[in-house]
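Structure, as structure tokens:
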Amino acid sequence: MSDVIQLLPDAIANQIAAGEVVQRPASALKELLENAVDAGSKKIQVMVKEAGKMLIQVIDDGKGMSMTDARMSFERHATSKIRASADLFAIRTFGFRGEALASIAAVAQVDMKTRTTEAELGSHICIEGSEVKKQELTTCPVGTSIAVKNLFFNVPARRNFLKSNAVEMRHIVDEFQRVALSYPEIAFTLYQNDMELFNLTPGKLSQRIVGLLGKAYQGQLVACEENTPLLNIKGYVGKPEQAKKTRGEQFFFVNNRYIKSNYLHHAVLSAFEGLISSDQHPFYVLFLDIDPVHIDINVHPTKTEIKFDDERTIYGLVRSAVKQSLGAHNVVPTLDFSFDVNFAENWKNDEAKKQEVSRENSYKTFSTPTFKKPDPTGWEKLFEGNNSAVELDRLDRSHAEDDTELLTFSSKANTSDKKEPVSNPGETEDTGATFQVGLAYVVAQMSSGMLILDQQASHERILYEKFKRQLENSSGASQQCLFPQNIDLSPADFSLVMDLKEELTNLGFLVAEFGQNAVLINGVPADITINNEKALFEALLEQYKHFKSELSLDRKENLARSLAKKSSLKRGTKLNSREMETLVGQLFACQNPNYGLSGNKTFIKLDTNKISGFFS
Ligand code: ADP
Ligand code: MG
């Protein structure tokens, strides 16, 4: 019997390999994008027609190829990226198998123009089904433009296997997103049938996320960062209340390569435990940077799977990094306000209204030099205690100790002259998510049950932490009294006031000596509601003296506590829904939201489980 084994012709071998590398238009796009990134491009343009079935074109401004390289690039196992097997373990570039272009050219009509900076003329190569149809010199810009036309034109079975344009386009966008996310410093555009889908300018990761996924992500990102000798983790997770029922916006990158890992996904989920319900999926974009010796990415041709040599440690690190960024140790419940996506907007409007209101009240608000303008931006306040939440345009600004103005509770406790609350009545009423019980407790929904806040204890905690900060930073603002108040004091109290003058000023009290044992109150803290400045000041002094003898607190601690106690919202005060929601938000922005000033609880949680327990 004669010998029967023959080597396959290259064209057929390439077609077989193509079956692994190029499953659909999106996989071709992925390879082209990765090559463009590997070439050091600053700007990458993508054009597709008929969801990539008719055309996928990628134009980059990278280093381009010489005439010989241009031809070589279509040979199988032709790569400039690894030279020896040792390099396989130090892979930092996307490509390394040297089979993408060969595979694509085996199953499509490829038209490539490329030029290096040194060369005056570029190369133009046309290949159809592995057959070189044209190779000539051409004029073209530096960089590479590759057009892949009529994918699978010579493999009808595969072409028929492609899904609808909508489905294939979804895959294209997915691949585009993954690459664009991992290179926010590169500009990307994506056109479909001449329509612009994305136009991404170079910027920071957070801006790229918003550019790709939409404005709803603004103010919803919690920064995550952890550096260890084995692994660095960087990126963002979405706030728990933003988690969705459908998966899809979870991105892991290892050394900037998108990977899928159920194991690591689980690590993130476990960090969200208790914060979202089990059928929800949190958003995340996490970049793991690890020495390539610890990973093997060569386990699958499309390279989205990965093996770590020490999976368990990596699991633990990812979990703790995310947990930390969520401030899970701080008991941050998930709140389920009906308008949470637009909350940042609403808050801003509210802030504007509030400022108008204070002008109408003819307060003259002026500030000490260190006082920053309030710029509350929504739910990141929930996390501000940990300084882990960021808002996009605030990333640059160094404001670790940002002193944000708190909402003024303008409803008065039990008083008859009911002034309308800051927001328009009716407009914010009854979002259904929060309500008040017995004019003393605020009930808020969270995804896993509900929260019941003691409004007075909570507000005391909020104010206390705020005053504490102001005292540390000398950052309290004042509102000028309409009629300066003259207060006669005992000699002991007078000297106490003089002694505390600096701290009082830091809180926003403008106190001047006014003859023997008398002071004039010209201004009071800007952001508390005061009916009677004189009464507040006297009460503050009494409380201070009381705490001093009882608890021997240091002066700042004592002042912050005393003022918080005396100026807080009391039981019996009616709150509108905006005020309730702000109260909840501000409480969980506290460093220590769990306890009030006398060690009493500020809130309790009733999980759905617990509630159902009541009925069984
Ligand atoms: P790999 O990326 O795995 O090396 P490819 O088949 O994707 O294999 O590409 C082969 C080679 O062609 C690359 O190693 C690179 O040298 C060159 N190449 C491909 N695309 C580009 C591009 N857009 N710019 C510059 N060089 C490119
Ligand atoms: Mg490649």
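Because the structure is predicted, anything quoted here is derived from the model rather than measured. Ligands are counted one by one from 1 in listed order, and the atoms in each one are counted from 1 as well. All values below come from the heavy atoms of this structure, side chains included, with hydrogens, waters and symmetry mates left out.
Within the 4.0 Å heavy-atom criterion, both parts of A100, backbone and side chain, lie near ligand 1.
Residue D38 has no N or O atom closer than 3.5 Å to an N or O atom of ligand 1. Ligand 1 has a nitrogen or oxygen under 3.5 angstrom from a nitrogen or oxygen of D60. Between K63 and ligand 1, a contact under 3.5 Å exists for no N or O pair.
S145 and Q57 form a side-chain donor-acceptor contact under 3.5 Å, judged by distance and modelled atom types alone.
With ligand atoms numbered from 1 in the order given, ligand 1 contributes 24 (N), 25 (C) to contacts under 4.0 Å with heavy atoms of A39.
Residue pairs that meet the salt bridge (Lys or Arg N to Asp or Glu O under 4.0 Å) test with at least one member in residues 43-54, sequence neighbours left out, do not exist here.
With hydrogens and angles disregarded, a donor-acceptor distance shorter than 3.5 Å links the side chain of S27 to the backbone of Q23.
When the options L32, D69, L101, I44 are ranked by their closest heavy atom to atom 6 (O) of ligand 1, first place goes to L101.
Residues satisfying the side chain to side chain contact (heavy atoms under 4.5 Å, CB included) criterion with R208, sequence neighbours excluded, are A180, L181, P184, F188, L200, L212.
Looking at Y263 and Y315, their side chains come closer than 4.5 Å, going by heavy atoms from C-beta outward.
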